[in-house]
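These notes are about the structure you will find just below.
So you know, we letter chains A, B, ... as the sequences are listed, proteins then strands, and number each from 1. Everything numeric here is computed off the predicted structure, so don't read it as measured data.
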Amino acid sequence: MKASKLVSPFRLSSLLRGQRTQFSPCNSSKTLPGFKPSIPKPLSLFSLLHMTSSFTKLGAPECSTNWEQILHQLKQETRSLHPKSSSAMSSHSTAALVSPTVHSNWVEDYGTPDACTYNILIKAACGSEDLDNACKVFDEMRSKGVHPTDVTLGTLIHKLCSSLRVKEAFELKDQWERVHGVLPNAFVYASLMKGLCGIGEMTLAFGLKEEMVRKSIQLDSAVYSTLISALLKAGRKGEVSGLLKEMSEYGCKPNTVTYNAMIHGYCKEKDFEAAYRVLDEMVEKGCKPDAISYNVIIDALCKAGKWSEANLLFQDLPRRGRNPDVLSYRMLFSGLCDWGQFKEAAFILDEMIFMGYAPHYARTHKLVEGLCQEGNTELLGTVLSSLGKGNVLHGDTWKMVISTVCKEKLLNVSELVDTLIVQ
DNA sequence: TTAGGGTTAG
């Protein structure tokens with residue numbers, strides 16, 4: 001069944017890519033990340049795919065009407081997309097597109113897929129455990145005469161390396177150069193280097209850097225960030241300055257990721273002075289620290305028992321031009337709980353929930369447990385109220401509270417009911 | 001104009 005009007009390869013790729021934004025809580029600061037909206041409005045392609053794929057074979061004649069509807073919806077929804085926003089659902093939503101593509105070729109009915117289109121689908125297929133789906137998309141790509149690019153190679157290599165299948169990644173790299181004439185670029189090399197470091201082959205990773213130089217492949221900041229991070233994780237911080245020097249000789253400037261790798265390295269050694277110096281250097285060099293830069297320090301301070309200092313840095317974020325994100329809250333909250341700072345933790349929890357961020361169940365449960373054991377009924381009420389406001393008061397937590405309260409006679413029944421009513 | 005890598009927790 002043909003669609004009434006075909007779209008360009010560019011538009012088709014954009015439509016596919018745009019699907020990743022459907023579940024971003026961009027319209028409501030009160031939507032808790034990690035909590036899936038039960039019925040997205042308007043009905044998205046993702047939800048339609050789920051409805052159809054759950055009870056019928058995709059591409060089968062009986063669901064052709066649904067596919068038409070889906071594709072129509074796809075066209076209608078593009079205007080409201082936010083291409084740069086991200087969401088935990090991103091890979092899942094595009095992944096839902098892959099299977100029907102392989103089996104029904106419906107993409108073709110809607111436009112002419114180009115390399116970019118297939119690369120997006122291959123990337124989505126890489127979200128699953130094995131590479132079977134990705135291979136199917138690749139086979140289809142080849143059968144349609146679409147030539148793979150260095151992006152296709154980079155996507156597959158990345159998947160293999162992140163699964164620690166480094167040997168296969170190297171085989172693919174060599175094979176593609178021979179068979180498809182696709183040359184590996186810095187994206188490919190960075191993945192390979194990270195993969196090698198992940199299996200303890202740092203010497204080989206550095207050897208790849210030399211290979212890039214030999215083959216006149218442009219080195220970039222990501223390649224150096226990978227190696228710097230690996231050196232610091234291996235406790236070889238003495239070699240970092242040499243790499244930074246070499247980096248500058250090749251005309252690569254350290255970026256936020258490079259600096260973050262260094263901050264992480266210093267924090268691991270509890271050298272917070274050095275970590276703060278990196279922050280200052282970033283500002284001096286016009287490279288704005290991001291959430292990761294601060295979260296790494298906050299987390300390390302908490303783990304080192306310096307929860308008060310972590311809290312100070314956290315409170316200082318707005319002045320530094322960066323609001324705390326969900327991880328900043330979670331890390332500080334965990335740290336405060338770990339060190340028994342229940343009052344501060346309860347305050348951060350309430351603010352976190354007010355901001356629309358979901359705490360981890362295990363953490364909040366443990367806090368409530370601690371307060372029950374302490375018999376701190378006042379703070380217990382505050383925490384339960386916060387959890388209730390965010391609709392994140394888990395049934396098990398509530399059961400534990402009731403059981404403890406009844407056993408210890410900490411509160412009278414009417415107080416409990418009052419708290420419950422607030423929910 | 002669209003696609004891929006490198007830096008935080010659990």
Looking at the rings of H147(A) and F138(A), which for Trp means the six-membered one, are their centres under 6.0 Å apart?
no
Side-chain N,O (H158(A)) to OP1/OP2 (dG5(B)) below 4.0 Å
yes
Return the value, rounded to whole Å, for the distance between atom NZ of K237(A) and atom C1' of dT7(B).
19 Å
Would you indicate, yes or no, if dT8(B) has its OP1 or OP2 atom less than 4.0 angstrom from a side-chain nitrogen or oxygen of H264(A)?
yes
Distance check needed: dG10(B) C1' versus D299(A) CG, whole Å only.
10 Å
CZ (F342(A)) with more than 12 external heavy atoms under 6.0 Å
yes
What contact category does A362(A) fall into here, base, sugar-phosphate, or nothing, at under 4.0 angstrom with non-hydrogen atoms?
nothing
Y118(A) OH to dG4(B) P: how many Å, rounded?
18 Å
Give one of base, sugar-phosphate or nothing for S334(A), where a contact means two heavy atoms less than 4.0 Å apart.
nothing
Does a nitrogen or oxygen in the side chain of K209(A) sit under 4.0 Å from OP1 or OP2 of dG6(B)?
no
If I take atom CE in residue M193(A) and atom C1' in nucleotide dG6(B), what distance separates them, rounded to the nearest angstrom?
10 Å
Distance in angstrom units between D220(A) CG and dT7(B) P, rounded
13 Å
Counting just side-chain N and O atoms, does K123(A) come under 4.0 Å of either OP1 or OP2 of dG5(B)?
yes
Categorize T226(A) for me: base, sugar-phosphate, or nothing, with a 4.0 angstrom heavy-atom threshold over every strand shown.
sugar-phosphate
Mind checking D290(A) for me? I need base, sugar-phosphate or nothing, with any heavy atom below 4.0 Å counting as a touch.
nothing
